[in-house]
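I have placed the structure first, in the form of structure tokens, so that the comments after it can refer back to it.
Any value given below was found using the heavy atoms of this structure, including those in side chains, with hydrogens, waters and symmetry copies removed. Letters go in sequence order (proteins before strands), and every chain restarts at 1.
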Amino acid sequence: MPQTTRITPFQQRVYAACRRIPRGRVSTYRWLGEAVGCKSARAIGQALKRNPFAPEVPCHRVVRSDRSLGGFSGQTSGGEVRRKREMLRAEGVRFGPNDRVEESALIRLAGPQ
DNA sequence: ATGATGATTGGGG
DNA sequence: CCCCAATCATCAT
């Protein structure tokens, strides 16, 4: 059983960066990592997966580098991911062919370096 | 401390 | 499509 209540310093940094993604736009696991000084996009996914502040911390606005949706609510495919797409669409994010976020929706957050 | 596990990524076949 | 190595916070031993 994971300690779902414990928020690590790393998670705080990731959530703080995630909060800067405006409505109707999305960023990527990789860019979020750059904004926080972490070279592992997977580690970012780990933190977002344990996000207890959704949707206040908009973890649904983070997608893969190739602009495909990526995971949501602990799943990499299926109904949860489908809802992620719907939430984004409701916020005004446009989608191109085969569930790819439109390029114009991407936002690269400012970070260190 | 050591090993396994991911909401990843870029590269290769 | 599939497989692999690199990456690193977390979790289980």
Select one nucleotide: of [options], the one nearest the side-chain heavy atoms of [X].
| X | options | value |
| --- | --- | --- |
| A/Thr28 | B/dT9, C/dT10, C/dC8 | B/dT9 |
| A/Gln11 | B/dA7, C/dT10, C/dT7 | C/dT10 |
| A/Ser65 | B/dA7, C/dT10, B/dG10 | B/dG10 |
| A/Thr76 | B/dT9, B/dA7, C/dT10 | B/dA7 |
| A/Ala41 | B/dT9, B/dA7, C/dA9 | B/dT9 |
| A/Arg64 | B/dT8, B/dA7, C/dT10 | B/dT8 |
| A/Lys49 | B/dA7, B/dT9, C/dC11 | B/dA7 |

Exercise for the section: Using a cut-off of strictly less than 4.0 Å, decide whether A/Arg30 has a side-chain nitrogen or oxygen near OP1 or OP2 of B/dG10. Expected result: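 Indeed, a polar side-chain atom of A/Arg30 lies that close.
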Separation of [N] [atom2] from [X] [atom1] (nearest whole Å):
| X | N | atom1 | atom2 | answer |
| --- | --- | --- | --- | --- |
| A/Leu32 | C/dA9 | CG | C1' | 14 Å |
| A/Gln46 | B/dG6 | CD | C1' | 4 Å |
| A/Ile7 | C/dC11 | CD1 | P | 11 Å |
| A/Arg50 | C/dT10 | CZ | P | 7 Å |
| A/Phe72 | B/dG6 | CZ | P | 19 Å |
| A/Tyr29 | B/dT9 | OH | P | 8 Å |
| A/Gln12 | C/dA9 | CD | P | 15 Å |
| A/Ile44 | B/dT8 | CD1 | C1' | 10 Å |

Exercise for the section: Return the set of residues passing salt bridge (charged side-chain N to carboxylate O under 4.0 Å, His left out) with A/Arg83 (not counting sequence neighbours), or none when no residue passes. Expected result: A/Glu80
Could you check whether any side-chain N or O of [X] sits under 3.5 Å from a backbone N or O of [Y], counting only pairs where one atom can act as donor and the other as acceptor?
| X | Y | value |
| --- | --- | --- |
| A/Asn51 | A/Val57 | yes |
| A/Tyr15 | A/Ala47 | yes |
| A/Arg23 | A/Glu91 | no |
| A/Lys84 | A/Val62 | yes |
| A/Arg25 | A/Leu106 | yes |
| A/Arg100 | A/Asp66 | yes |
| A/Glu102 | A/Ser104 | no |

Problem - Residue met sooner reading DNA chain B from 5', once A/Val63 and A/Ser40 are mapped to nucleotides - result: A/Ser40
Fill in the blank from the handout: Whichever of A/Arg42 and A/Ala47 has the more 5' nearest nucleotide on DNA chain C, that residue is A/Arg42
Exercise for the section: Identify whether any heavy atom of A/Phe10 sits under 4.0 Å from a base atom; if not, whether one sits that close to sugar-phosphate; answer base, sugar-phosphate or nothing. Expected result: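 Result for A/Phe10 = sugar-phosphate.
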Exercise for the section: Mind checking which stems touch DNA chain B? I mean at least 3 consecutive Watson-Crick or G-U pairs, both distances under 3.5 Å. Expected result: B:1-6 with C:8-13, B:8-13 with C:1-6
